[in-house]
There are 2 protein chains.
Amino acid sequence: MKIGELSRRTGVPTRLLRYYEEQDLLHPERGGNGYRAYGEAAVRDVQQIRGLLDSGLTTEMIRAILPYLSGPDEILLPAEHLTPETAALLQSHIDRIQSRIDCLARNRDRLTAYLAAVRPGT
Amino acid sequence: MKIGELSRRTGVPTRLLRYYEEQDLLHPERGGNGYRAYGEAAVRDVQQIRGLLDSGLTTEMIRAILPYLSGPDEILLPAEHLTPETAALLQSHIDRIQSRIDCLARNRDRLTAYLAAVRPGT
DNA sequence: GCTTGCCTTCACACTGATGTGAACGTTCGA
DNA sequence: TCGAACGTTCACATCAGTGTGAAGGCAAGC
């Protein structure tokens with residue numbers, strides 16, 4: 001599929017699809033005419049990228065974890081390529097994500113508590 | 001307390017403390033000499049701001065929710081000031097935070113599952 | 001009083017994520 | 001065959017968050 005179709009199917013401007021490629025998040029093939037050729041999986045990849053960006057991750061973090069996020073249950077990267085260093089790095093990313101979750105959940109709870117405390121009285 | 005002390009106590013450069021004020025996140029008093037005068041609560045506020053920024057929120061979102069995040073249990077803003085519109089807005093912020101949490105948790109789980117699936121074999 | 005260190009504002013600069021447009025080649029249907 | 005719709009690269013612009021430095025006022029100790 002060409003960039004325009006991917007853009008329509010994901011709702012993401014072509015500008016950003018090219019940007020994600022420049023950031024090493026997408027790796028489309030190239031046709032003889034230089035056009036980008038995306039596979040079906042790109043749709044899910046782009047949605048994944050958007051979700052993570054909207055959740056506040058940087059392209060750098062996304063680039064680091066994206067290869068391990070492929071499908072719901074499929075495991076793309078074989079264990080052979082996972083050095084202990086990579087595993088440790090991955091774990092540290094997991095930890096950072098967990099910190100964010102904790103911070104967000106804590107503050108969500110505060111906001112919810114505030115609303116709950118105030119709403120009955122209104 | 002003056003800006004230098006707040007900076008030391010929070011580890012946040014004075015430049016950023018001034019920026020946060022410009023963004024309407026901090027509201028220090030001013031001494032006769034023009035110096036900013038922060039209260040004790042500013043320390044917690046700054047840490048709160050940092051945590052939320054690090055969690056990927058924009059200053060805009062933080063500005064919207066910060067007044068309702070004051071302390072662990074204290075409720076600063078009286079219910080009288082909470083119009084239904086504000087409450088709805090607040091709820092929508094809570095929802096957005098929840099979406100982020102969901103997305104992050106989902107991907108944390110994927111990463112963790114990947115590590116778990118691969119590590120025993122190494 | 002003078003030095004040292006704090007404070008002030010102003011301003012220029014960088015990065016990351018994104019918008020926008022120019023200038024130009026390709027594909028395809030009427 | 002020609003125009004519309006699509007693709008390409010390049011480049012400049014914006015916003016948020018942040019670094020850094022200049023130019024100058026205030027404060028506190030020696």
Side-chain angles (χ1 to χ4, degrees), chain A residues 1-39 42-43 45-66 93 96-97 99-100 103-104, chain B residues 1-39 42-43 45-66 93 96-97 99-100 103-104:
Chain A
M1 130 186 47
K2 285 182 287 187
I3 200 171
E5 186 183 345
L6 182 58
S7 172
R8 275 186 300 274
R9 286 177 59 184
T10 58
V12 176
T14 59
R15 170 68 177 89
L16 289 188
L17 296 176
R18 297 199 180 95
Y19 174 68
Y20 298 154
E21 178 180 356
E22 188 189 319
Q23 295 301 307
D24 237 1
L25 303 180
L26 295 175
H27 309 92
E29 305 286 310
R30 292 290 182 135
N33 47 14
Y35 286 18
R36 292 167 176 81
Y38 298 91
V43 174
D45 287 349
V46 169
Q47 284 159 350
Q48 185 74 58
I49 292 169
R50 286 302 325 165
L52 292 172
L53 277 177
D54 289 344
S55 298
L57 297 206
T58 66
T59 52
E60 189 187 356
M61 274 192 80
I62 298 175
R63 176 168 48 248
I65 65 176
L66 198 56
H93 282 300
R96 287 184 57 189
I97 291 175
S99 308
R100 286 176 176 231
C103 179
L104 292 176
Chain B
M1 126 185 54
K2 284 181 289 185
I3 199 172
E5 185 183 346
L6 181 59
S7 172
R8 275 186 298 276
R9 286 177 61 183
T10 58
V12 176
T14 59
R15 170 69 178 87
L16 288 189
L17 296 177
R18 296 198 181 96
Y19 174 69
Y20 296 154
E21 178 179 356
E22 188 188 320
Q23 295 301 306
D24 237 0
L25 303 180
L26 295 175
H27 310 92
E29 306 285 309
R30 292 290 181 136
N33 48 13
Y35 286 18
R36 291 167 177 81
Y38 296 91
V43 174
D45 286 349
V46 169
Q47 286 159 348
Q48 185 74 57
I49 293 170
R50 286 302 324 166
L52 292 172
L53 277 178
D54 290 343
S55 299
L57 296 208
T58 66
T59 51
E60 189 187 357
M61 274 193 79
I62 299 176
R63 175 168 50 248
I65 65 177
L66 198 55
H93 282 301
R96 288 184 55 187
I97 292 176
S99 307
R100 286 176 175 231
C103 179
L104 292 175

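Convention: sequence-line order gives letters A, B, ...; per-chain numbering from 1. Here the structure is a predicted model, which means the values were calculated and not measured.
- Taking both residues in full, the closest heavy atoms of A/L57 and A/I62 are given as CB-CG1, 3.9 Å, listed atom of the first, atom of the second, then distance.
- A/T10 places a side-chain N or O within donor-acceptor distance of the main-chain N or O of A/L6, the cut-off being under 3.5 Å.
- D/dA16 atom C1' lies 13 Å from atom CZ of B/R50, rounded to whole Å.
- By the 4.5 Å heavy-atom criterion applied to side chains, B/E5 and B/R8 are counted as neighbours.
- Here chain B contacts DNA chain C (any atom closer than 4.0 Å to a heavy atom, that is under 4.0 Å), and the contacts span C/dC6 to C/dA11 from 5' to 3'.
- If you find the closest nucleotide of DNA chain D to A/I3 and to B/D54, the one lying nearer the 5' end belongs to A/I3.
- Other residues, nucleotides and ligands contribute over 12 non-hydrogen atoms within 6.0 Å of the CZ atom of A/R18.
- In summary, the side chains of A/R50 and A/Y20 do present a donor paired with an acceptor at a separation below 3.5 Å, with no hydrogens or angles considered.
- Among the heavy atoms of the strands lying under 4.0 Å from B/R36 are primed sugar atoms or P, OP1, OP2 only; no base atom is included.
- Between B/T58 and A/R8, the one whose closest nucleotide on DNA chain D sits nearer the 5' end is A/R8.
- A/T59 comes within contact range of the sugar-phosphate backbone alone, with a heavy-atom separation under 4.0 Å but no base atom that close.
- Mapped onto DNA chain C by nearest heavy atom, A/L57 and B/R30 fall at different nucleotides, with B/R30 at the one closer to the 5' end.
- Regarding A/Y19, its OH atom lies at a distance of 18 Å from the P atom of D/dA13, rounded to whole Å.
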Can you name the atoms? Protein N/O to nucleotides 27-30 of chain D N/O, anything below 3.5 Å, with the distance.
unit_1 : atom_1 : unit_2 : atom_2 : d
D/dA27 : OP1    : B/N33  : ND2    : 3.1

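- Side-chain contact check for A/Q48 versus A/L66: some heavy-atom pair is nearer than 4.5 Å.
- The minimum heavy-atom distance between A/R63 and A/Q23, with the atom names listed, is NH1-O, 2.5 Å.
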Give me, pair by pair, the N or O atoms of the protein and of nucleotides 21-24 of chain D that are less than 3.5 Å apart, along with how far apart they are.
none

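- Phosphate proximity of D/dT18 to B/Y20: present, with a side-chain N or O under 4.0 Å from OP1 or OP2.
- Nearest heavy atoms, B/R100 versus B/S55: NH1-O, 3.9 Å.
- A pairwise comparison of heavy atoms in A/Y35 and A/K2 identifies CD2-CD, 3.6 Å as the closest pair.
- What you find for B/V46 and B/V12 is that their closest heavy atoms are CG1-CG2, 3.7 Å.
- Salt-bridge check for A/R36 with A/E29: failed, with every basic side-chain N at 4.0 Å or more from each acidic carboxylate O.
- In this entry the distance linking CZ of B/R18 with C1' of D/dT20 reads 12 Å, nearest Å.
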